[in-house]
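Scroll down for the structure; my scribbles are underneath it.
Computed from a predicted structure; not experimentally measured.
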Amino acid sequence: MRGFAALAVIAVHVSMNYTRIPEVNLLALTNVFIYIVAHFAVPVFIFISGWVLAARYTGEFSIREFYHRRAKTILIPYLFFTALYLLVNVEGTIGFAGVPSLERVTEALLLGTGAYHLWFFALIIQLYLLYPLIVRGYDLFDRFGAVLYLLFSLLFLQVLWNAGAHLMGAYVGPEWYTVLIRLFPSHLFYFVLGIHVARYTDRSRSVLRSLSPAWVLAAAGGAALALGGIWVAAVVLSGSLAGTSLAVFCIYRFLEPFYYVPVIAALVLAAWWLEGGSRRLSEVSRSFGDHSYGIYLIHPLGIAAAATLWFSLTGLSWADWLTYPVIFVVAVAVSYAVVRALSGVPYAGWVLGEGRVRRVLRP
């Protein structure tokens, strides 16, 4: 599942260059659609994080040991790659960004703005810090038999929070959206859903196995068409790739959980299918998933370097159809190869988070 999410992240960060296409055309709208439907990646990562933590830390556990482990596995990569991406520009093509100011460094550390993908760390750090309180709150509702009430309440509050973030960004200032969408309520439902699945693994497995895979895929596909269609329609109506008001996407925020939850279910089914299928395919998929944390960290370098080389060799740009699949495939292959090679280098695992995968996911 982490491997699927990593592929989706790379798809998002390749397709987001639709903003560099000078006009609204079929290529731009296609990449707008891909950009939106691949956004299930972060909710899936958050869901898995809640699932893994709840599976590992049950009952009474050492808070000190918990924070010590989380600090080692998240802070070192975050600090290293924030410093790296402050110096290396990966927006479109690769290049030296210059020496950042103290204000820029502070903003990057607090909001995860060192590069376009590091905002995830600002979010997951909050969830890690709050995990002992969140899991105790979940257990309290569980003792009273009110877990479903908790989940539906969190879903409702999360939707209101994210829609409000769009409204604040549209009418008060975009900096409000930047901050609010990085705060833990924006993804808390997916985190607690992961905790719930860990607590009731057998029941969740039975429920999912009782569902028709065709219906799960239909639900995910239909929701993808709806969400992607909203963005495409907004771009077409506004006549601009960057001129659409943030307020328009409040509708998207109301609908997105009804896409992400079926996608999570579909990915679980896909993971089961891979485990039961070809051994070679299963091993490759698992290996990619095992290295997904490192892939997430370095893939912007792969995208930017591949784009720079591609443009210089072919004369093409982000306005050409062939650019997107080529950059995607190269970024996936290079990111995986580099992370796998570095995983054998002493101490490189601390920077790439490889130790975290082995210790937490496999038991």
Single-linkage hydrophobic cluster [X]~[Y], side-chain heavy atoms < 4.5 angstrom:
X    : Y    : result
V284 : I295 : no
L154 : V197 : yes
L208 : W273 : yes
V52  : L193 : yes

Is there a side-chain contact (heavy atoms from CB on, under 4.5 Å) between M168 and E175 once you walk through the steps? CA-CA 9 Å; M168 293 289 284; E175 64 277 2; over 6 Å; no

Would a distance-only check, ignoring hydrogens and angles, find a side-chain to backbone donor-acceptor pair under 3.5 Å from [X] to [Y]?
X    : Y    : result
Q126 : R182 : yes
T82  : L79  : no
T323 : S317 : yes
D320 : L322 : no
Y259 : V37  : yes
T201 : A198 : yes
N17  : V14  : yes
Y128 : Y67  : no
Y260 : Y190 : no

To the nearest 0.5 Å, what is the distance between [atom1] on [X] and [atom2] on [Y]?
X    : Y    : atom1 : atom2 : result
T113 : L109 : OG1   : CG    : 8.5 Å
L86  : S101 : CG    : OG    : 9.0 Å
I303 : H117 : CD1   : NE2   : 9.0 Å
T106 : L110 : OG1   : CG    : 6.5 Å
L130 : L188 : CG    : CG    : 8.5 Å
T19  : N31  : OG1   : CG    : 10.0 Å

Test item: [X] and [Y] side chains (from C-beta on) under 4.5 Å apart, heavy atoms:
X    : Y    : value
R253 : I181 : yes
L157 : F189 : no
S287 : R340 : yes
F141 : L151 : no
Y324 : T30  : no
V192 : V135 : no
D290 : R2   : no
W161 : L180 : yes

Should I74 and Y293 be marked as a side-chain contact (heavy atoms from CB on, under 4.5 Å) after you check the CA-CA gap, both sets of side-chain angles, and the distance that decides it? CA-CA 10 Å; I74 201 79; Y293 191 51; 3.1 Å; yes

Taking everything shown except [X] itself, do over 12 heavy atoms lie less than 6.0 Å from its [atom1]?
X    : atom1 : answer
W119 : CH2   : yes
F96  : CZ    : yes
W272 : CH2   : yes
R280 : CZ    : no
F61  : CZ    : yes
Y116 : OH    : yes

Would you please name every residue forming a side chain to side chain donor-acceptor pair (under 3.5 Å) with D142, sequence neighbours left out? Y200

Indicate the atoms forming the closest heavy-atom contact of [X] with [Y], along with that distance.
X    : Y    : result
S282 : E275 : OG-OE1, 3.6 Å
L75  : I125 : CD2-CD1, 4.1 Å
F184 : L123 : CA-CD1, 3.7 Å
R20  : G92  : NH2-N, 3.4 Å
F45  : S292 : CE2-OG, 4.4 Å
F328 : L7   : CE1-O, 3.6 Å

Parallel, tilted or perpendicular, as decided by the 30° and 60° cut-offs, for the rings of H39 and Y35: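 Y35 and H39: perpendicular rings.
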
Hey, can you tell me if Y57 and F66 have their rings parallel, tilted or perpendicular (30° and 60° cut-offs)? perpendicular

Carboxylate-amine/guanidinium contact E283 R286, below 4.0 Å: no

Hey, mind stepping through H299 and H13 against side-chain hydrogen bond (donor to acceptor under 3.5 Å, both in side chains) and telling me if it holds? CA-CA 9 Å; H299 77 273; H13 294 149; 2.7 Å; yes

Quick one: which residue pairs count as a side-chain hydrogen bond (donor to acceptor under 3.5 Å, both in side chains) with a foot in residues 205-216, not counting sequence neighbours?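 Only D202-R205 qualify under side-chain hydrogen bond (donor to acceptor under 3.5 Å, both in side chains).
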
What residue pairs, at least two apart or across chains, pass salt bridge (Lys or Arg N to Asp or Glu O under 4.0 Å) with a residue in residues 186-201? D139-R199

Quick check: [Y] with [X] (ring centres under 6.0 Å apart)?
X    : Y    : answer
F47  : F191 : no
F33  : W231 : no
F311 : W318 : yes

Before giving the answer on side-chain contact (heavy atoms from CB on, under 4.5 Å), spell out for W321 and L26 the whole-Å C-alpha distance, their side-chain angles and the decisive distance to 0.1 Å. CA-CA 10 Å; W321 280 92; L26 182 58; 3.9 Å; yes

Residue pair F120, Y296: steps toward the side-chain contact (heavy atoms from CB on, under 4.5 Å) verdict: CA-CA 10 Å; F120 171 76; Y296 185 93; 3.1 Å; yes

Is it true that Y138 and H196 share a donor-acceptor pair across their side chains at a distance under 3.5 Å? yes

